[in-house]
Student: 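Sharing a structure below in structure tokens format, with a few things to ask.
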Amino acid sequence: MLIALDNLMAARYQMAVSLGFHIVLSCFGVAFPAMIYVLHRRGNRNDDADALLLARKWAKVAAVLFAVGAVSGTILSFEMGLLWPGMMSKYGDVIGLPFALEGIAFFVEAIFIGIYLYGWGRLSPRVHLNTLIPIMISGAFGTFCIISVNAWMNAPAGFDLDAAGDVVNVRPLEAMFNSAVLGMSIHMYVAAFMVTGFLTAAVYATGMLKGRRDRHHSLGFTVAFVFAGIAALIQPFVGHLIGGRLADEQPSKLAAIELSVEPESRAPLVLGGVLVDDDVRLGVSVPALGSLVSTNSLDGVVPGLDEFPPDERPPANVVHLAFQTMVAAGTMMAAIAVWFWWRRRRHDDPYSTWMLRATVAAGGLSVIALEAGWITTEVGRQPWIVYQVMRVDEAVTDNSGIWISLAVIVVVYASMAYLATRVISGMARRWRESDEVDIPTPYGPSEAVRVGATEHTDGPG
Amino acid sequence: MGLADLVAVLLFVGVIAYALFGGADFGCGFWDLTAGDANRGAHLRHQIDKSIGPVWEANHVWLIYILVFLWTAFPQPFAAIMNTLFVPWLLVGLGIVLRGGAFAFRKFSSSFREARLHGAVFATSSVVTPFFLGMIAGAIASGRVPVDSTGDIVSSWTGPVSWIGGILAVLTTTFLAGTFLAADARRSGNENLAIEMGRRSLIAGGITGAAALGAAVIIELDAPTLASGLHGRGLPLILISAIAGSVSMWRLWSHDFARARIGAIIAVAAIVVGWGVGQYDWILVDQVTIDGGIGARSTQVGLVIVFLMAAVTAVPALVWLYVLVNSERWAQDEPDTATRSAGV
């Protein structure tokens with residue numbers, strides 16, 4: 001049993017690390033093409049050299065991020081089987097359809113990314129710009145498909161269990177279009193724009209704080225910020241809609257989020273705080289607000305943890321704090337967005353020092369909110385891998401090497417993150433040093449073997 | 001042929017495509033590794049970057065396609081494959097991450113030292129990854145993956161046929177990539193490199209052919225089910241592969257790299273199809289058949305529809321990508337584009 005528990009923790013940590021890493025990159029895969037499109041289109045239409053230059057630079061950054069995103073996504077498909085064979089062998093055919101459709105989306109995305117990244121000067125400007133459109137569509141469709149699987153784990157549908165507990169009467173479409181998919185996938189899609197937009201805007205805000213106040217920076221800042229700001233203003237509404245479903249769909253998750261021990265109407269909203277021996281400590285309670293936010297009614301009943309057997313309760317403190325971290329970060333980002341447009345409306349300098357500092361903070365907050373939200377939904381589902389159908393300990397592999405693979409994944413992903421950051425900041429440094437967007441790859445120790453530079457007047461890119 | 005067989009064929013289409021496109025991609029790793037020191041190897045490494053840069057991500061989606069089709073159509077055999085072959089899959093995963101990351105990092109490296117480090121990681125993992133994929137194929141083909149996931153965590157994938165699978169995977173991908181690089185170098189106008197790659201590919205082809213003959217003996221001894229399939233239904237494909245491989249080498253000898261590449265593609269495709277035909281109708285050889293391992297029927301119908309959807313979306317796009325990268329304009333170095341893209 002001890003070994004089984006050990007394995008389970010290792011498998012969960014490995015999944016958490018792999019997904020927590022990939023989720024940030026997938027945000028870029030979904031949202032970055034739209035931002036590049038805006039710049040590229042502006043560059044083409046208005047003959048705006050700055051916009052075009054930015055589009056080309058962002059495309060090169062995207063090449064690095066997409067590469068790491070593609071391989072870390074591949075690892076996730078391995079891990080479905082390596083870590084959770086119990087779920088895949090039993091429910092693989094129930095939930096396989098959205099995975100297969102996501103495969104198409106990923107294909108289309110990868111193909112057009114290849115065409116777009118290498119299409120500069122080789123395709124007609126119009127065709128080249130338009131190759132971004134299938135990337136954007138497949139990003140949105142892919143988000144829907146992947147989140148469909150996660151939503152199904154939270155709100156399983158599309159199959160029956162016979163008396164022996166075997167899966168029968170599989171209805172793949174019903175599984176795919178389960179009751180949670182729409183809200184969750186929109187939530188994730190909007191989050192992708194917040195993360196990508198605020199992180200990108202934060203980069204330009206940092207540059208402007210260092211005194212690089214040229215059009216290049218203000219344009220990069222504005223395009224990214226506008227995407228993220230709009231998303232940040234939409235997100236609270238989307239989030240609220242999903243939250244409203246939890247009372248019916250996943251009462252144990254809602255109880256954990258609200259730190260609610262007993263079911264009650266006019267339940268308080270606990271800000272902060274932890275649960276110790278069924279008592280809420282250190283939190284600030286706002287009467288009746290808990291019922292209002294989770295059921296849209298002051299008299300609504302918030303479920304309590306004691307409605308569930310002790311071994312079917314999620315770890316409430318983790319879920320509660322993760323959820324409130326997400327909401328707090330989301331609120332701050334929305335406030336920063338409001339502040340930005342308020343200043344513009346008043347014709348104040350939208351690039352004031354404090355605005356820029358707030359944007360840098362928003363970059364960090366966006367990732368914090370993303371990870372916290374994801375922890376809320378994943379940990380809040382525990383101990384189930386398929387809510388109230390299969391427990392994680394029934395799904396996990398019994399291979400004993402999981403701790404080793406966990407250690408390997410942690411080391412490799414940490415190095416990937418470090419190297420990607422290093423390479424991208426190296427690109428940025430070289431762009432600051434020269435006007436050339438194309439930066440030759442140093443294939444050899446001396447100028448003589450910079451292949452592109454010797455054979456041609458321009459770099460190999 | 002029933003619906004389950006059709007789904008198995010669609011799954012195997014992915015295996016063939018991955019062997020060809022993913023294979024040509026992986027194979028570049030060997031040539032990168034052996035390109036020589038920084039001065040001598042620079043042109044070849046540049047050519048490798050140029051050849052696979054636009055296509056490598058798409059080429060590796062085939063692996064995801066295979067995994068997704070496998071777990072959706074054959075949930076239990078999939079779990080068995082992942083459970084029993086946990087170690088090689090982990091190594092493949094590691095290889096894929098390191099390879100993809102390092103390839104992108106090298107292209108945008110700031111210094112030669114960094115580029116060399118990333119290049120070494122890219123090249124090494126490109127050789128190691130197909131090796132373990134081949135070992136996985138060998139384990140399945142030699143009947144060492146029981147459907148109830150009780151296979152030994154080590155000996156299941158270290159049998160003789162697994163070693164053969166690993167070695168053949170590295171050799172065939174190397175040969176394939178060599179012919180691609182020779183053809184690409186010629187189209188880029190680097191005739192010296194093309195001829196050099198043609199010469200090296202010829203050697204690789206010879207070694208691959210010899211290894212394939214040796215493999216036949218070992219398969220005979222270690223994997224009787226596969227062997228009998230290869231003697232019977234699979235024989236024409238083995239012969240096609242041998243002929244196409246020989247023609248390819250003859251074209252290499254004559255410096256006709258474009259046709260050598262076609263020959264190599266046919267040779268590799270035929271041997272992979274031969275494996276599939278040879279092990280039909282087992283999904284896990286000697287353990288479970290296609291009909292025994294297939295999942296829900298409604299999902300099989302769904303998969304066929306997904307395949308048709310892919311055929312009208314991803315496939316035309318893929319064809320366009322390959323047409324572009326094989327066009328005259330894309331064979332040249334990336335032009336300086338600021339003005340042209342602006343439509344000026």
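Chain letters run A, B, ... following the sequence lines, proteins first, then strands; residues in each count from 1.
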Student: So, taking the atom named CG in A/L123 and the one named CZ in B/R329, what distance separates them when rounded to the nearest 0.5 Å?
Tutor: 7.5 Å
Student: Out of curiosity, A/F99 CZ to B/W71 CH2, how far, rounded to the nearest 0.5 Å?
Tutor: 4.5 Å
Student: Just by modelled atom types, is the A/V170 backbone N or O under 3.5 Å from a matching donor or acceptor in the B/S298 side chain?
Tutor: yes
Student: Less than 4.5 Å apart, any side-chain heavy atom of B/P75 and any of A/K90?
Tutor: no
Student: What is the distance from atom CD1 of B/I81 to atom CE of A/M88, rounded to the nearest 0.5 Å?
Tutor: 12.5 Å
Student: Flag yes if more than 12 heavy atoms outside A/R126 fall under 6.0 Å of its CZ atom; otherwise flag no.
Tutor: no
Student: Is it the case that more than 12 heavy atoms not belonging to A/R429 sit under 6.0 Å from its CZ atom?
Tutor: yes
Student: For chain B, which candidate among A/S405, A/S124, A/G103, A/A51 shows the most heavy-atom pairs at distances under 4.5 Å?
Tutor: A/S405
Student: Is the closest side-chain heavy-atom distance between A/I402 and B/F86 below 4.5 Å?
Tutor: yes
Student: When heavy-atom pairs shorter than 4.5 Å are enumerated against chain B, which of A/V108, A/L82, A/L83 gives the highest number?
Tutor: A/L82
Student: Under the 3.5 angstrom rule, does the side chain of A/S89 hit a backbone N or O of B/A79 as a donor-acceptor pair?
Tutor: no
Student: For A/A67 and B/W56, which heavy atoms make the closest approach, and how far apart are they?
Tutor: CB-CZ2, 3.6 Å
Student: Can you find a heavy atom in the side chain of B/H118 that is under 4.5 Å from one in the side chain of A/V423?
Tutor: yes
Student: For the CZ atom of A/R122 and the CD atom of B/E328, what is their distance to the nearest 0.5 Å?
Tutor: 11.5 Å
Student: Could you measure the distance from the CG atom of B/L63 to the OG1 atom of A/T74? Nearest 0.5 Å is fine.
Tutor: 6.5 Å
Student: Are the side chains of B/T72 and A/L97 in touch, meaning some heavy atoms are under 4.5 Å apart?
Tutor: no
Student: May I ask you to check whether over 12 heavy atoms, not counting those of A/I404, lie within 6.0 Å of atom CD1?
Tutor: no
Student: Should A/R422 and B/F105 count as side-chain neighbours, where that means a heavy-atom distance under 4.5 Å?
Tutor: no
Student: Do the side chain of A/D93 and the main chain of B/T299 share a donor and acceptor less than 3.5 angstrom apart?
Tutor: no
Student: Can you find a pair of side-chain heavy atoms, one from B/M309 and one from A/I104, that are under 4.5 Å apart?
Tutor: yes
Student: For the OG atom of A/S77 and the CD1 atom of B/I96, what is their distance to the nearest 0.5 Å?
Tutor: 8.0 Å
Student: Count the heavy-atom pairs under 4.5 Å between each of A/A420, A/A55, A/A49, A/G426 and chain B, then report the option with the highest count.
Tutor: A/A420
Student: Using the six-membered ring wherever Trp is involved, compare the ring planes of B/W320 and A/F112 and label them parallel, tilted or perpendicular (cut-offs 30° and 60°).
Tutor: tilted
